[in-house]
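We use all heavy atoms of the structure for the numbers below, so side chains are in, but hydrogens, waters and symmetry mates are not.
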Amino acid sequence: MTAHPHDAPGTDSLDDLFGDAPAPRPALGAAEAQNGLLKGLNPEQLAAVTLGQEPALILAGAGSGKTRVLTTRIAWLLRQGHVGPGGLMAVTFTNKAAKEMSTRLSAMLPYNVRGMWIGTFHGLCNRFLRAHWKLAGLPQGFQILDASDTVSAVKRVIKAMNLDEERFVPKQVSWFIAGAKEDGLRPKDIDLRDEQTRKLAEIYQAYEDQCKREGVVDFAELMLRAYELMRDNAAVREHYQHRFQYLLVDEFQDTNKLQYAWLKMFAPPGRGQGVFAVGDDDQSIYAFRGARVGNMSDFEREYRVRRVVKLEQNYRSYGHILDAANELISRNSHRLGKNLRTEMGPGEPVRVNEAASDFNEAQWLLEEAQALHRQGLPRSEIAILYRSNAQSRVIESALFNAGVPYRVYGGLRFFERAEVKHALAYLRLIENANDDTSFLRVVNFPARGIGARTLEQLQDAARQSGRSLYQSVAAVPGKGGSNLAAFVNLIESMRNLTQGLTLREIIEQMLETSGLAEFYRTDKDGAERLENLDELINAAEAFVTQEGFGKDAVALPVDELGGFTPGQIAAGDPPAIAAVNLTPDAETGEIVSPLAAFLTHASLEAGDNQAQAGQDAIQLMTVHSAKGLEFDAVFITGLEEGLFPHENSLSDGDGLEEERRLMYVAITRARQRLYLSFSQTRMLHGQTRYNVKSRFLDELPEASLKWLTPRNQGFGSGFAREYQQAWERGSGLKSMVGAGRVERQAPAWQQEREGKDAPSFGGAPVPKTMKQAAAAKVGAEHGGLRVGKAVFHNKFGEGVLLTLEGSGPDARAQVNFGRHGTKWLALSVAKLTPID
DNA sequence: GGCTCTTTCGTTTTT
DNA sequence: CGAAAGAGCC
C-alpha cells in the first residue's frame with residue numbers, strides 16, 4: 001500500500017489554497033446574502049439554491065434559469081460559509097457550460113475561482129489523474145487521444161492482429177471499446193457470448209496494451225481510470241469523500257452508467273454529502289450515446305432524495321410555443337412529470353409551412369429569414385434547425401446564392417483540422433516521443449522518403465521488442481532506416497532547440513524545424529492552413545495568459561494543496577521550480593510545462609468550429625447542437641416521417657420517445673417566433689423521396705398553430721404531381737432532366753402570398769434508370785395511380801405511392817405510409833384510393 | 001511516394 | 001448526389 005495521507009485537511013487549510021484571494025470566507029449576514037445573491041429568484045429557485053446538505057434532485061425545465069440556480073447555489077454555499085472553495089465540486093458535460101459557470105461565479109465571489117473543482121467530467125478526471133498518475137498506473141506526462149486518434153489507434157491494433165477490417169470496422173470497434181469502458185468493463189469483464197465478441201474483447205485487450213506502451217489514454221479511459229482508482233484505493237477514496245462536502249451535477253439526464261458510478265465513489269449514498277443533481281428528463285437526447293435517463297430515478301431512490309424541486313417557470317418563450325412543447329411531450333410515457341409555464345402572454349402562433357420540395361423549402365426559409373432581418377432581427381437571432389447534417393446542404397446553397405451570411409455549426413473544429421493536428425503531433429513528440437499515433441501522423445509529413453514498406457518494417461520491429469516506434473528506429477536497415485534516423489534526429493533537435501522557450505516560441509520553432517510552415521508556404525492552397533497555424537499560436541498565447549503560465553507566474557505553496565504533499569502525490573520528488581514558465585498546478589502542486597498543459601487543453605477542448613466570426617449570420621445547426629441555446633426566431637425544418645422522427649429510430653418505442661424529446665428541445669429553443677416546415681419531396685442519397693408530414697405536427701395543439709400553406713393539402717398533389725404529368729406528356733422533360741430541377745408556376749396559394757409572378761422551384765424526381773422509367777410508365781396504367789400520388793388505404797391510412805410494378809394480377813405498389821412504414825401491396829388485393 | 005480512379009456509404013455525437 | 005477512403009498505377 002502506498003503511503004498516502006488521509007488526514008484530510010480541515011476546511012481552513014483548504015481556504016488557504018486561495019492565497020491570492022483577499023478574503024477567503026467573508027461572513028455575510030443572512031440579510032446581505034439575501035439582497036446580493038438571492039434577489040429576483042422565484043420560490044422554487046430559492047428553495048433549490050438554499051437547500052441544506054442533503055441529496056436533492058432538481059428538475060429544471062427548458063429556460064427555467066438552471067444555470068443561474070447552479071451558480072447561485074455555489075455562491076450561496078460559499079458566502080454562507082457552509083463550505084470552502086476546496087470542498088465543493090461542480091461537474092458539467094461541456095467546456096462551454098463549465099466556463100460559463102466559472103465566469104458567472106467570478107462575478108459573484110470575491111475569490112479567484114481558478115483552482116476550484118469546476119469542470120467537465122473529463123476535465124476533472126484529467127486533473128485527478130494528473131495528481132495521482134502514479135497510483136493510477138499512468139506515466140506522468142500521459143497524452144489524451146481524441147475521437148479520431150482513438151479510431152486510428154484501434155485501426156493499427158486490428159492491422160497488427162491481422163484481422164479483417166471488413167469484419168472489424170475500426171470505427172465500430174472503437175465504439176465497442178468506448179461502450180464497454182462506459183459500462184465500467186475491462187476486457188476480462190466482457191461477456192464472451194459469441195465468437196465475434198470474443199475477438200472484440202481480444203482487440204480491446206491489445207488496444208489497452210498499446211495505449212499503455214505509448215503512454216496515451218482515450219476519453220473513456222480518463223473516466224474509467226479515475227473511477228477505478230477511487231474504487232480500489234481506500235486512502236484516496238476516503239480523502240476525496242471527506243473533502244468534497246458538496247457536489248453539483250449539471251445535465252444529470254445525460255450521465256452514463258460510468259459517470260453515475262464515478263459520482264457515487266465521490267459521494268456514496270448515505271455519507272451525508274450535499275449532492276445536487278440538476279437535470280431534465282424531457283431533454284434527454286443522448287441515449288444513443290450511452291446516456292441513461294434512468295440515472296435520475298435511480299438517484300432519487302438510492303439517495304433517498306426527499307427534496308425534488310421542479311423549476312417549471314419558463315423565462316424564455318411565449319405561451320403558444322410552450323403550449324406546443326407541453327402538448328407534444330405529454331405523449332411520452334415514464335416522465336418524471338413537469339409542465340412549463342410562462343407569464344409572458346400567448347405571443348404569436350406557431351407558423352407551419354408545407355413546401356413542394358426541399359429546394360422550395362430552402363427558398364422559403366431564405367425569404368422568411370430575410371423578412372425577419374428586415375424587420376430588425378439580427379441574423380444571429382435566427383436559427384435554422386434540422387435533424388441531420390445532410391439537410392444543411394440545400395439550405396446553405398440557397399443562403400449562399402442569395403449572399404446571406406450564415407454560420408453552420410458542427411463542422412470541423414479548430415483542433416481537429418489536419419494542419420493543426422499535424423502541428424500538435426510534432427509538439428506531442430517533443431513531450432513524449434513514444435506516442436506512436438503522433439509519430440505515424442508526421443513521420444512522413446512533410447514527405448521525407450519514409451514509405452509504407454519502411455513503416456511496416458518499423459512496426460514489425462516495434463511489435464517484436466514491445467517498444468515504441470521511436471525506440472525501434474535502429475532496427476530498420478537500409479535507406480528507409482537512415483531516413484527514419486534522420487527523423488529521430490529532427491525530433492531530438494527540436495526538443496533541444498525549444499528548451500527554455502516560451503510556448504509561443506516553441507510552436508514557432510517547431511513549425512520551422514519540422515518543415516510544416518515551409519510545406520504550406522509552397523503548397524498551392526496552403527494559405528488558409530498557414531492562417532490556421534497562426535491561429536494555433538494565438539490560441540497558445542491566449543492559453544498561457546489565461547492559465548497563468550506567464551513570466552510572472554509564482555509558485556504556490558504546494559504542501560497545503562488539497563492535503564497532499566508533492567512527495568506523497570508523486571511518491572517521488574517533483575522537479576525543482578527552476579525555469580521561468582514552470583508553474584505547479586494550483587491544485588496538485590505538480591509541475592507542468594506550459595507545453596504539456598497546452599496539449600492537454602487541445603485534447604480536451606476541440607475548440608469552436610470558427611466560421612466567419614464577428615459577422616452577423618444566420619445560425620444553422622442540428623437540433624442536437626442547439627440544445628442549451630436560445631433564439632428569437634427558430635425554424636424547425638424537414639418535419640417529415642422518416643427524417644424527423646428519423647426512420648432508424650422507429651424500430652422501438654424508446655427511439656420514438658427520444659425523437660419526441662428532440663422535437664421538444666427544438667421547440668423550446670424559440671423565444672418569440674417558431675416556424676415548422678416540411679416538404680413533399682426531398683433529395684436524399686441522390687434519390688428523390690416522397691415524404692409524409694411528421695406525426696409530431698399532429699401532436700401539437702391546433703389552437704397554437706397557424707398554417708401558412710393550406711392545411712392538409714394532400715401529398716403528391718403539388719409539385720410532384722405536376723412534374724409527373726409533365727413527364728408523362730413528354731413536355732419540358734428535357735430541360736427538367738438537364739437541369740436536374742424544374743421551374744414552374746407557383747401554386748395558387750403561393751401566388752397569393754408572394755405575388756402573381758412568383759416562380760417556384762422543385763427538385764425533380766428524375767427516374768435514374770430505364771427500369772425505373774419503365775416501372776413508372778407501367779404505373780400510369782393503373783386507374784388513377786401514379787408515382788408520387790397520395791393514396792388512402794383502409795388499414796394504413798394516408799400514404800404516398802413510391803413505385804408501381806408489373807401489370808394485371810401481378811401489379812404491385814410500394815407505398816410510404818409514414819408511421820406505418822413503407823409497404824409493398826398487391827394491387828389485386830389491396831384497395832388503394834387516390835386522394836386529390 | 002504521390003497522384004488518380006474507384007468504391008463505399010450516408011442520424012444524432014457535449015468529451 | 002457527393003465526400004472520403006482505399007486501391008491501383010506511374
Side-chain angles (χ1 to χ4, degrees), chain A residues 91-99 119-126 144-152 155 165-166 169-171 175 178 181-182 217-223 250-251 253-256 258-259 283-291 358 385-391 393-394 397 409-410 413 415-416 418 444-455 479-480 483 600-607 621-629 638 642-650 655 658-659 661-663 665-666 682-689 740-741 763 766 768:
Chain A
V91 203
T92 64
F93 272 86
T94 64
N95 291 302
K96 202 171 149 200
K99 208 175 282 170
T120 62
F121 277 102
H122 294 86
L124 293 180
C125 285
N126 172 57
I144 301 165
L145 301 180
D146 70 15
S148 68
D149 294 335
T150 305
V151 174
S152 50
K155 196 177 195 168
E165 282 193 47
E166 301 256 294
V169 182
K171 208 186 211 161
W175 238 89
K181 288 184 180 182
E182 278 158 14
V217 298
D218 60 34
F219 285 139
E221 187 71 26
L222 282 173
M223 286 288 327
D250 192 15
E251 305 275 19
Q253 78 282 352
D254 287 339
T255 51
N256 62 32
L258 177 58
Q259 283 158 338
Q283 291 191 67
S284 157
I285 55 173
Y286 285 106
F288 74 93
R289 229 178 147 274
D358 50 350
L385 310 183
Y386 35 80
R387 173 66 236 268
S388 60
N389 285 306
Q391 287 166 254
R393 180 179 294 278
V394 228
S397 75
Y409 284 76
R413 300 201 292 186
F415 288 115
E416 294 166 357
N444 196 36
F445 192 92
R448 29 180 93 85
I450 300 170
R453 206 172 41 85
T454 305
L455 287 178
K479 185 146 178 302
N483 286 344
T600 297
H601 167 80
S603 306
L604 287 178
E605 198 166 340
M621 65 193 83
T622 63
V623 180
H624 279 92
S625 35
K627 183 163 165 229
L629 306 177
L643 247 196
F644 198 0
H646 197 278
E647 51 202 355
N648 296 1
S649 313
L650 295 178
E658 178 144 316
E659 294 288 306
R661 290 192 292 269
L662 199 50
M663 180 68 184
V665 167
R682 184 175 294 277
M683 199 66 142
L684 196 67
H685 302 334
Q687 288 207 50
T688 303
R689 298 180 25 150
R741 63 175 61 115
V766 179
K768 283 197 81 172

Inset, instruction - Under 4.0 Å between any heavy atoms, over every strand shown, what does A:Ala452 touch: base, sugar-phosphate, or nothing? Just pick one. - result: sugar-phosphate
Inset, instruction - Go through B:dT12, C:dC1, B:dT15 for me and flag the one nearest to the A:Thr120 side chain. - result: B:dT15
Inset, instruction - Check whether the ring centres of A:His624 and A:Phe288 lie less than 6.0 Å apart, and answer yes or no. - result: yes
Legend entry - Spacing of the C1' atoms in B:dT13 and C:dG2 (rounded, Å): 22 Å
Legend entry - Sidechain N-carboxylate O distance under 4.0 Å for A:Glu182, A:Arg289: no
Legend entry - Along DNA chain B (nearest heavy atom to each residue), the more 5'-positioned of A:Phe219 and A:Asn483: A:Asn483
Legend entry - Side chain of A:Asn444 - closest among B:dT11, B:dG2, B:dT13: B:dG2
Inset, instruction - Using a strict cut-off of less than 4.0 Å between a Lys/Arg side-chain nitrogen and an Asp/Glu carboxylate oxygen, indicate whether A:Asp146 and A:Arg413 qualify as a salt bridge. - result: no
Legend entry - A:Phe288 side chain, from C-beta outward: closest of B:dT13, B:dT11, C:dC1: B:dT13
Inset, instruction - Classify the side chain of A:Arg413 and the base of B:dT14 as holding, or not holding, a donor-acceptor pair under 3.5 Å. - result: no
Inset, instruction - Could you check which of B:dT12, B:dT11, C:dG2 has an atom nearest any side-chain atom of A:Asn389? - result: B:dT12
Inset, instruction - Considering non-hydrogen atoms only, spot the tightest contact between A:Thr120 and A:Phe93 and give its length. - result: CG2-O, 3.6 Å
Legend entry - Nearest listed nucleotide, side chain of A:Ala447, among C:dA3, B:dG2, B:dT11: B:dG2
Inset, instruction - Describe the nucleic acid contact of A:Leu643 in one word from base, sugar-phosphate, nothing, applying a heavy-atom distance below 4.0 Å. - result: nothing
Legend entry - Which nucleotide in B:dT13, B:dT15, B:dG10 has an atom nearest any side-chain atom of A:Ala147: B:dT15
Inset, instruction - Tell me which nucleotide among C:dC1, B:dT12, B:dT15 gets nearest to the side chain of A:His122. - result: B:dT15
Inset, instruction - Scan nucleotides 5-10 of chain C nucleotide by nucleotide, 5' to 3', and note B when protein non-hydrogen atoms come under 4.0 Å of the base, S if they reach only the sugar-phosphate, - if neither. - result: -S----
Legend entry - P-based separation of C:dA5 from B:dT12 [nearest Å]: 16 Å
Inset, instruction - Mark this stacking check for A:His646 against B:dT11 as yes or no, applying ring centres under 5.5 Å and ring planes under 30°. - result: yes
Inset, instruction - Have a look at A:Phe121 and say if it touches a base, only the backbone sugar-phosphate, or nothing, with a 4.0 Å heavy-atom cut-off. - result: nothing
Inset, instruction - Using a 4.0 Å heavy-atom cut-off across all strands, classify A:Gly628 as base, sugar-phosphate, or nothing. - result: nothing
Inset, instruction - Ignoring the backbone of A:Asp254, work out which of B:dT15, B:dT13, B:dT14 is nearest its side chain. - result: B:dT14
